[in-house]
Undergrad: 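The structure is given below, and queries will be raised subsequently.
In what follows, chains carry the letters A, B, and so on, assigned in the order in which the sequence lines appear, proteins first and then strands, with residues in each chain numbered from 1.
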Amino acid sequence: DAGVIQSPRHEVTEMGQEVTLRCKPISGHNSLFWYRQTMMRGLELLIYFNNNVPIDDSGMPEDRFSAKMPNASFSTLKIQPSEPRDSAVYFCASSLGLNQETQYFGPGTRLLVL
Amino acid sequence: AQSVTQPDIHITVSEGASLELRCNYSYGATPYLFWYVQSPGQGLQLLLKYFSGDTLVQGIKGFEAEFKRSQSSFNLRKPSVHWSDAAEYFCAVGDPSGYSTLTFGKGTMLLVSP
C-alpha cells in the first residue's frame, strides 16, 4: 500500500491567498483526520471524518478553515484567506475506524504564508 | 476529558545507553495508550500500543512501554539507543468508551550523542 498521500509537500503563498491541501487516505480506511503542527502549540487535531461525514470540527481555528471529504478516497483542507499565523505543517492521517484504531500519518504539507 | 503530559521537552542520551521517556495521562478509567515517533520531515509512525492485558508492551525498533495504573503512566523504554533513534516521540491516549479520537502529548525530542 502507498500509505497516506498528501499534496503538495510544500506550499509557499502570500497572505490573503487561498490554500488547498489534499489527502488520499489508505484504501479501506473509514476515518480521516487533519492535524496541524507548530512549535508553539504542538500537534493539534483540526477535524476528523468517519465514513466521509465530519464528526468533530471543534479544532478548526476559524471560519477561514474548511474541510471536505467528497468520497472515501479524497479529502481537502482549505484556508481562505490565508494568514502568516497559519504557517505550519499540516498532517492527514487515516485509520480503519475511530477510537482504538491505529492512525497512519501522511508525510505532511509544510505551509508558509508570507 | 483525557489529557497527556510528557514532562521532558528534550532528552539527550549517549549512543548505546538506555532510554526512558515519560508519559502521564489523565483519564477516569484505563485508556488506550500509544507511542508514536516522528523523524525529521516525516509523519508520525506508531511504535506500540496498549489496550488491555499484559502491562508490558513490545513495539517496533526494540522499544517497549509499561502501563502502570497506579501512577497513570505509560513510559517508553529502550535498552540501547542507536543514533537513528534521534526523533520526536509522542504519547497519545484514546477513550475506549466513547466515539472519539486520540489526544496527543506535546512530544519529547530525543537527541543521541556519539
Side-chain angles (χ1 to χ4, degrees), chain A residues 1-10 21 23-26 29-51 53-60 88-111, chain B residues 1-10 21 23 25 27 29-53 57-60 63 65 67 74 87-109:
Chain A
D1 199 313
V4 176
I5 299 173
Q6 291 187 249
S7 64
R9 292 293 309 275
H10 303 272
L21 310 181
C23 175
K24 177 179 170 55
I26 294 173
H29 281 191
N30 297 314
S31 300
L32 183 140
F33 310 82
W34 282 103
Y35 291 90
R36 179 172 67 176
Q37 186 177 41
T38 61
M39 289 291 293
M40 291 297 295
R41 302 174 68 92
L43 192 65
E44 302 174 277
L45 176 65
L46 300 178
I47 184 172
Y48 61 97
F49 296 82
N50 196 52
N51 295 322
V53 176
I55 302 301
D56 187 349
D57 66 353
S58 60
M60 297 285 261
V89 181
Y90 291 81
F91 288 103
C92 176
S94 71
S95 67
L96 286 171
L98 293 177
N99 207 5
Q100 72 269 32
E101 297 293 345
T102 299
Q103 294 185 21
Y104 295 84
F105 282 74
T109 295
R110 189 173 296 273
L111 173 66
Chain B
Q2 65 252 30
S3 66
V4 182
T5 301
Q6 293 181 247
D8 304 306
I9 298 175
H10 297 100
L21 302 182
C23 173
Y25 66 88
Y27 184 69
T30 299
Y32 294 142
L33 295 159
F34 303 78
W35 274 101
Y36 282 81
V37 60
Q38 184 181 26
S39 298
Q42 303 296 317
L44 278 70
Q45 179 187 21
L46 181 71
L47 282 176
L48 47 80
K49 58 186 177 184
Y50 171 79
F51 290 165
S52 64
V57 181
Q58 301 297 320
I60 62 172
F63 286 91
F67 168 59
F74 189 57
E88 190 158 21
Y89 292 79
F90 293 88
C91 182
V93 298
D95 177 3
S97 64
Y99 193 62
S100 63
T101 186
L102 302 181
T103 299
F104 284 86
K106 296 291 189 187
T108 297
M109 180 66 73

Undergrad: First locate atom CG of B:Leu102, then atom OH of A:Tyr35, and finally report the distance between them rounded to the nearest 0.5 Å.
TA: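 Nearest 0.5 Å value for the CG-OH distance: 5.5 Å.
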
Undergrad: Return the CZ to CD distance between A:Phe105 and B:Gln38, rounded to the nearest 0.5 Å.
TA: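 It is 8.5 Å, given to the nearest 0.5 Å.
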
Undergrad: Apply side chain to side chain contact (heavy atoms under 4.5 Å, CB included) to the pair A:Gln103 and B:Phe34, showing each step before the final yes or no.
TA: CA-CA 10 Å; A:Gln103 294 185 21; B:Phe34 303 78; over 6 Å; no

Undergrad: Please identify each residue that fulfils side chain to side chain contact (heavy atoms under 4.5 Å, CB included) with B:Gln45, with sequence neighbours left out.
TA: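 Checked B:Gln45 against side chain to side chain contact (heavy atoms under 4.5 Å, CB included); matches are B:Val37, B:Ile60, B:Lys61.
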
Undergrad: Quick one: does A:Leu43's side chain get under 4.5 Å of B:Leu44's, heavy atoms only?
TA: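 Counting from C-beta outward, A:Leu43 and B:Leu44 do come under 4.5 Å.
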
Undergrad: Could you give the distance from CD (A:Gln37) to CZ (B:Phe104), rounded to the nearest 0.5 Å?
TA: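 Between atom CD of A:Gln37 and atom CZ of B:Phe104 there are 10.0 Å.
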
Undergrad: Whether the side chain of B:Lys106 engages the backbone of A:Arg41 through a donor-acceptor N/O pair (distance < 3.5 Å, no angle test) should be reported.
TA: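 Yes: the side chain of B:Lys106 pairs with the backbone of A:Arg41.
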
